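Reminder, nothing fancy here: chain letters follow the sequence lines and each chain counts from 1. Bear in mind the structure is a predicted one, so any value in this text is a computation, not a measurement.
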Protein chains: 2
Amino acid sequence: MVKKKESAQQATDKQIAAFAKALGHPTRVAIIQFLLSQESCYFGDIHDVFPNAKATVSQHLKELKNAGLIQGEIETPKVKYCINKENWEIARNLFGNFFASEIKNNC
Amino acid sequence: MVKKKESAQQATDKQIAAFAKALGHPTRVAIIQFLLSQESCYFGDIHDVFPNAKATVSQHLKELKNAGLIQGEIETPKVKYCINKENWEIARNLFGNFFASEIKNNC
DNA sequence: TTTGTTGTTCGCAAAAGTACGAACAAAATG
DNA sequence: CATTTTGTTCGTACTTTTGCGAACAACAAA
């Protein structure tokens, strides 16, 4: 089976979509805002701010982590979450370019 | 039933999430890029550049339209789609502010 | 009126997302 | 060792998303 290699643009679109998808839920947007505003964020701190069960919060954090937007490290017995700065920068640039495009069409 | 009014921040998060969700699929990101790059975009033009069935393309367009990112008008017998400039500006600003935040935490 | 063109909507199936309680794991503490 | 604290993972139920072919609607043209 031959699979055509995807273009660089397609790869970019995929990455944008992956970040966007992770941000596609109000709770996850709010979690990011919260992490941006705090010095240090343990799971419990985050959980306290949202009306969801801890299983649900944990799942949202997992998705943000899988997308690369945040990272978590164990500080026994707690888990500390924070923004993944490197990927945050990448996301910032991708969305920056995306929205910077001139609109050519005229309706 | 009493429902607590949501905060302005919550409303903002919802709006960001709604835009992000609409952009949470590679094909939809690519559709937006395409619309940004073309003078005028009829459904057929869009359909031609994607490997999906027309029903699928139509559905993606519908979601982008529901999110407010694009608009479509009938030019019988064709349908012309384009970026919704007003909402595009809103999205640009929301994401701009979102990603402009200083990262306070330090991991 | 019949035919052709252009897209949308419908109905289906498979997959993914959302939310929760309960069970579980890991490590410190009594 | 039993207990407590902190989160993750599991299992379940329900909803939503994705993608497609087929049916349909609107209109122009033959």
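Summarising the geometry, the separation between CZ on A:Phe43 and P on D:dT8 is reported as 5 Å, rounded to the nearest angstrom. Atom C1' of nucleotide C:dT8 and atom NE2 of B:His47 are separated by 13 Å, given to the nearest angstrom. In this structure, B:Leu61 atom CG and C:dT9 atom P are separated by 11 Å, rounded to whole Å. Note: CG (B:Asn52) to P (D:dG21) measures 11 Å, nearest angstrom. Separating the NZ atom of B:Lys62 from the P atom of C:dC10 is a distance of 7 Å, rounded to the nearest angstrom. C:dG7 atom P lies 13 Å from atom CD1 of B:Ile70, rounded to whole Å. If you take CD of B:Glu73 and C1' of D:dC27, they are 17 Å apart, rounded to a whole angstrom. Rounded to a whole Å, the CD atom of B:Glu75 is 14 Å from the C1' atom of C:dG7.
The side chain of A:Tyr81 places an N or O atom within less than 4.0 Å of a non-bridging phosphate oxygen (OP1 or OP2) of D:dT8. At the phosphate of D:dT17, OP1 or OP2 sits under 4.0 Å from a side-chain N or O atom of B:Lys21. Listed pair A:Thr56 / C:dT18 fails the phosphate criterion, with no side-chain N or O lying under 4.0 Å from OP1 or OP2.
Within the 4.0 angstrom heavy-atom criterion, only backbone atoms of the sugar-phosphate kind lie near A:Ala53; the bases stay farther away. Nucleic acid contact class of A:His25 (heavy atoms, under 4.0 Å, all strands): sugar-phosphate only. Note on B:His60: only backbone sugar-phosphate atoms sit closer than 4.0 angstrom, heavy atoms only; bases stay farther off. B:Lys78 comes within 4.0 angstrom of the backbone, heavy atoms only, and of no base.
Without hydrogens or angle criteria, A:Arg28 side chain to A:His60 main chain gives no donor-acceptor distance under 3.5 Å. Judged by distance alone, the side chain of B:Asn84 and the main-chain N or O of B:Asn87 form a donor-acceptor pair under 3.5 Å. Proximity of a side-chain donor or acceptor of B:Thr56 to a complementary backbone N or O of B:Asn52 within less than 3.5 Å is not detected.
Here D:dA28 is the nucleotide among D:dG19, D:dG7, D:dA28 with the atom lying nearest to any side-chain atom of B:Thr76. Checked against D:dC20, C:dA22, C:dG7, the side chain of A:Ala55 finds its nearest nucleotide in C:dA22. Among D:dT8, D:dT18, D:dG7, the nucleotide with an atom closest to any side-chain atom of B:Arg28 is D:dT18. Distance from the side chain of B:Gln59 is smallest for D:dG19 among the nucleotides D:dT8, C:dG21, D:dG19.
Residue whose closest nucleotide on DNA chain C sits further toward the 5' end, between A:Thr27 and A:Lys54: A:Thr27.
No side-chain N or O of B:Asp45 forms a donor-acceptor pair with one of B:Gln38 less than 3.5 Å apart.
Residues A:Lys21 and B:Lys21 fail the side-chain proximity criterion, which asks for heavy atoms closer than 4.5 Å.
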